[in-house]
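These values consider heavy atoms only, across backbone and side chains, with no hydrogens, waters or symmetry-generated copies.
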Amino acid sequence: KMTDKDDANGRLEYNLGATGSKAGVHISNVSIIKISESTGEELEEKTVLADGNYVYNGSFQEGKDRKEYWDIDNKAGAEVSVTNIRRLKVTAPEGTSEDKPVIVSQSGLALTGSNNYALSFKAEGENAKNINVTVAGKEFKAELAGTEKEYAYKFTTDGSLTNKDIVFKFSQPGTYYLDDVRV
């Protein structure tokens, strides 16, 4: 339901061409027709996105506070926001630990059993700290280097796949950045 003049959940955009393109583009006869009112309860099972990604809003640019589709479990009292260049920022305070982590997750990805996948994301944080990532029950540790770095992992899902979630766990105090999450 679009309730404001500009609403990221109800916006229609045309993103055309590459930067520097000089090609002419003409768009005409566009119309938007309301066919029904959403109750908000029509949540469908997730599917693979048009770009091949299984993770919704992996670039932190959609929805309220640009965190649409992401669940945040913040027992540590961290500050979790999206920066103006659209990266997730987690500022985990002193006291953040394995027992009191910050968890950023997304459930119900459209993954299937006995298939090969690749996980990639960009992350930044203090040197020698890490982010623990679990996807479809497979665990990975991203060891941070102090600058933004791309991390990539390959994994095969179990035949009887019951866990279709992706979970980023921050269990050390510090400031972390996360972006471009893809499976």
Beyond-backbone contact of [X] with [Y], side-chain heavy atoms, under 4.5 angstrom:
| X | Y | answer |
| --- | --- | --- |
| K169 | E98 | yes |
| Y176 | T91 | no |
| I166 | V183 | yes |
| D179 | L88 | no |

| query | Do Y56 and W70 have their ring centres less than 6.0 Å from each other? | reply |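 No, ring centres 6.0 Å or more apart.
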| message | With a 3.5 Å distance limit and no angle check, can you tell me whether K67 reaches the backbone of V80 through a side-chain donor-acceptor pair? | response |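 Yes, because the side chain of K67 sits within donor-acceptor range (under 3.5 Å) of the backbone of V80.
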| message | Any side-chain to backbone donor/acceptor pair from N116 onto K154? Under 3.5 Å, distance only. | response |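 No, the answer is negative, given that no donor and acceptor are paired below the 3.5 Å cut-off.
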With sequence neighbours excluded, what pairs up with [X] under the salt bridge (charged side-chain N to carboxylate O under 4.0 Å, His left out) test?
| X | answer |
| --- | --- |
| K75 | D73 |
| D99 | none |
| K122 | D180 |

Test of understanding: clusters of I, L, V, M, F, W, Y form through side-chain heavy atoms closer than 4.5 Å, transitively. Do [X] and [Y] belong to the same one?
| X | Y | answer |
| --- | --- | --- |
| L144 | F140 | yes |
| V135 | L49 | no |
| V167 | Y177 | no |
| F170 | Y153 | yes |
| Y69 | L111 | no |

I'd like to check the side-chain contact (heavy atoms from CB on, under 4.5 Å) partners of [X]; sequence neighbours left out, ordered by chain and number.
| X | answer |
| --- | --- |
| E94 | P173 |
| T157 | N115, Y117, A136, F155, L161 |
| N84 | none |

Taking all atoms of both residues into account, what is the closest heavy-atom pair of [X] and [Y], and its distance?
| X | Y | value |
| --- | --- | --- |
| K89 | T175 | CE-CG2, 3.8 Å |
| A76 | K100 | CB-O, 3.3 Å |
| R182 | G52 | NH2-C, 4.0 Å |
| V90 | V102 | CG1-CG1, 4.0 Å |
| A92 | A78 | CA-CB, 3.9 Å |
| S114 | G159 | OG-CA, 3.0 Å |

| By ring pair (Phe, Tyr, Trp, His ring centres under 6.0 Å) - contacts of F121 (at least two apart) |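 Only Y151, F168 meet the ring pair (Phe, Tyr, Trp, His ring centres under 6.0 Å) criterion with F121.
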| request: Just grab all the side chain to side chain donor-acceptor pair (under 3.5 Å) pairs involving residues 159-168, residues at least two apart or on different chains. | output: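 For residues 159-168, and leaving out neighbouring residues, there are no side chain to side chain donor-acceptor pair (under 3.5 Å) pairs at all.
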| Summary of side chain to side chain donor-acceptor pair (under 3.5 Å) pairs that have at least one residue in residues 126-146, sequence neighbours excluded |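 Qualifying pairs, neighbours excluded: K138-D158.
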As an exercise, state the distance from [atom1] of [X] to [atom2] of [Y], rounded to the nearest 0.5 Å.
| X | Y | atom1 | atom2 | value |
| --- | --- | --- | --- | --- |
| E124 | K149 | CD | NZ | 12.5 Å |
| I103 | S171 | CD1 | OG | 9.5 Å |
| L178 | S59 | CG | OG | 10.0 Å |

| request: Sequence neighbours left out, what pairs pass ring-ring contact (aromatic ring centres under 6.0 Å, His included) with at least one residue falling in residues 96-116? | output: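 Checked against ring-ring contact (aromatic ring centres under 6.0 Å, His included) - neighbours excluded - no pair reaches residues 96-116.
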| Tell me, which pairs form a ring-ring contact (aromatic ring centres under 6.0 Å, His included) where one or both residues lie in residues 89-115, sequence neighbours left out? |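 Output for this query is empty, none listed.
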| request: Only counting residues at least two apart or in another chain, list the ones meeting side chain to side chain donor-acceptor pair (under 3.5 Å) with E148. | output: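 Here the qualifying residues are R87.
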